[in-house]
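Chain letters run A, B, ... following the sequence lines, proteins first and then strands; every chain starts at 1.
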Amino acid sequence: MKAAKAIPKSWFRSSATVALARELIGHTLCRRMPDGRIRRLPITETEAYDGPEDLACHAHTNRRTKRTEVMFARGGLTYVYLCYGVHWLLNIVTGPENYPAAVLIRGAGPHDGPGKLTKALAITGDQNRQPLSRANGLWLERPADLPNERDILATPRIGIDYAGPHWSQVPYRFVIRVKPKV
DNA sequence: GGAGTGATGACA
DNA sequence: GTCATCACTCCA
């Protein structure tokens with residue numbers, strides 16, 4: 001069996017956030033649960049939030065606040081925030097320093113939906129602003145086999161109609177196509 | 001189709 | 001201090 005490779009931090013510092021969101025599909029999201037057990041789940045759904053011009057990005061127009069500050073950091077940190085007062089959403093900060101961008105992890109393994117994923121993995125605000133690392137209990141691995149390009153679909157992002165006709169429609173959401181049985 | 005839920009950011 | 005706004009999920 002081929003060992004999974006850890007992903008170098010430099011990989012997340014690329015400014016090509018949208019390409020990273022696509023590449024993350026099929027990578028393995030790894031989590032050490034509070035009870036010490038380790039879960040490894042293939043990422044099935046992501047969304048890119050890319051830079052000051054992206055009106056759907058929390059840090060659009062370079063809005064730098066206590067919450068969005070982490071998006072301006074170099075890639076490789078987590079950005080976890082509470083949505084609708086109910087759900088924690090897990091993002092991975094991308095890009096070089098001072099470029100606000102992140103990839104939202106919307107689904108992995110059997111868990112579809114960003115809120116359900118964090119619940120299943122016991123991810124909360126405690127995991128915000130942490131470098132992805134095994135020591136921190138949350139990291140990524142590159143599996144031996146990645147999905148075929150043909151099996152990754154690009155669609156508009158979810159729940160961001162407020163971002164206007166352009167930014168609410170750009171195909172920044174990536175989802176693995178479930179292969180139909182033949 | 002509609003409510004719940006509470007941090008966040010804008011405004012005063 | 002107040003208030004409107006949400007990168008969602010569940011139940012009817």
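Taking the charged nitrogens against the carboxylate oxygens, A:E149 and A:R22 do have a contact shorter than 4.0 Å, which makes a salt bridge.
OP1 or OP2 of C:dA7 has at least one side-chain nitrogen or oxygen of A:Y162 nearer than 4.0 Å. In terms of phosphate contacts, A:K116 brings a side-chain nitrogen or oxygen within less than 4.0 Å of OP1 or OP2 of C:dC10. A close approach under 4.0 Å does not occur between any side-chain nitrogen or oxygen of A:H87 and OP1 or OP2 of B:dT5.
In this structure, A:L104 atom CG and C:dC6 atom P are separated by 16 Å, rounded to whole Å. Rounded to an integer number of Å, the gap from CG of A:L55 to C1' of C:dT5 is 16 Å. Per the geometry, CD1 belonging to A:I158 stands 14 Å off C1' belonging to C:dT9, to the nearest Å. At whole-Å resolution of the value, OH in A:Y84 and P in B:dG2 are 15 Å apart. The CZ atom of A:R106 sits 5 Å away from the P atom of C:dC8 (whole-angstrom rounding). Atom CZ in A:R63 sits about 13 Å away from atom P in C:dT5, given to the nearest Å. One atom, CG of A:D50, and another, C1' of C:dA7, lie 15 Å apart when rounded to the nearest Å. Regarding A:F174, its CZ atom lies at a distance of 15 Å from the C1' atom of C:dA7, rounded to whole Å.
Distance from the side chain of A:Y81 is smallest to C:dA7 among C:dT9, B:dT8, C:dA7. Residue A:L82 places its side chain closer to B:dA7 than to any other of C:dA7, C:dT9, B:dA7.
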Determine, step by step, whether A:T155 and A:R173 satisfy the side-chain hydrogen bond (donor to acceptor under 3.5 Å, both in side chains) criterion, reporting the C-alpha distance in whole Å, the side-chain angles of both residues, the deciding distance to 0.1 Å, and the verdict.
-> CA-CA 5 Å; A:T155 80; A:R173 170 173 175 260; 2.9 Å; yes
Check against side chain to side chain contact (heavy atoms under 4.5 Å, CB included), A:L90 and A:L138 = CA-CA 11 Å; A:L90 170 65; A:L138 189 61; 4.1 Å; yes
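Note on A:R67: only backbone sugar-phosphate atoms sit closer than 4.0 angstrom, heavy atoms only; bases stay farther off. Among the atoms of the strands shown, none is found under 4.0 Å from any heavy atom of A:G125. Note on A:I160: only backbone sugar-phosphate atoms sit closer than 4.0 angstrom, heavy atoms only; bases stay farther off.
The number of heavy-atom neighbours closer than 6.0 Å to CZ of A:R13, taken from other residues, nucleotides and ligands shown, is above 12.
Under the Watson-Crick and G-U wobble criteria, each requiring two contacts below 3.5 Å, nucleotide B:dC11 is paired to C:dG1.
Counting heavy atoms from C-beta on, the side chains of A:T124 and A:V80 never come closer than 4.5 Å.
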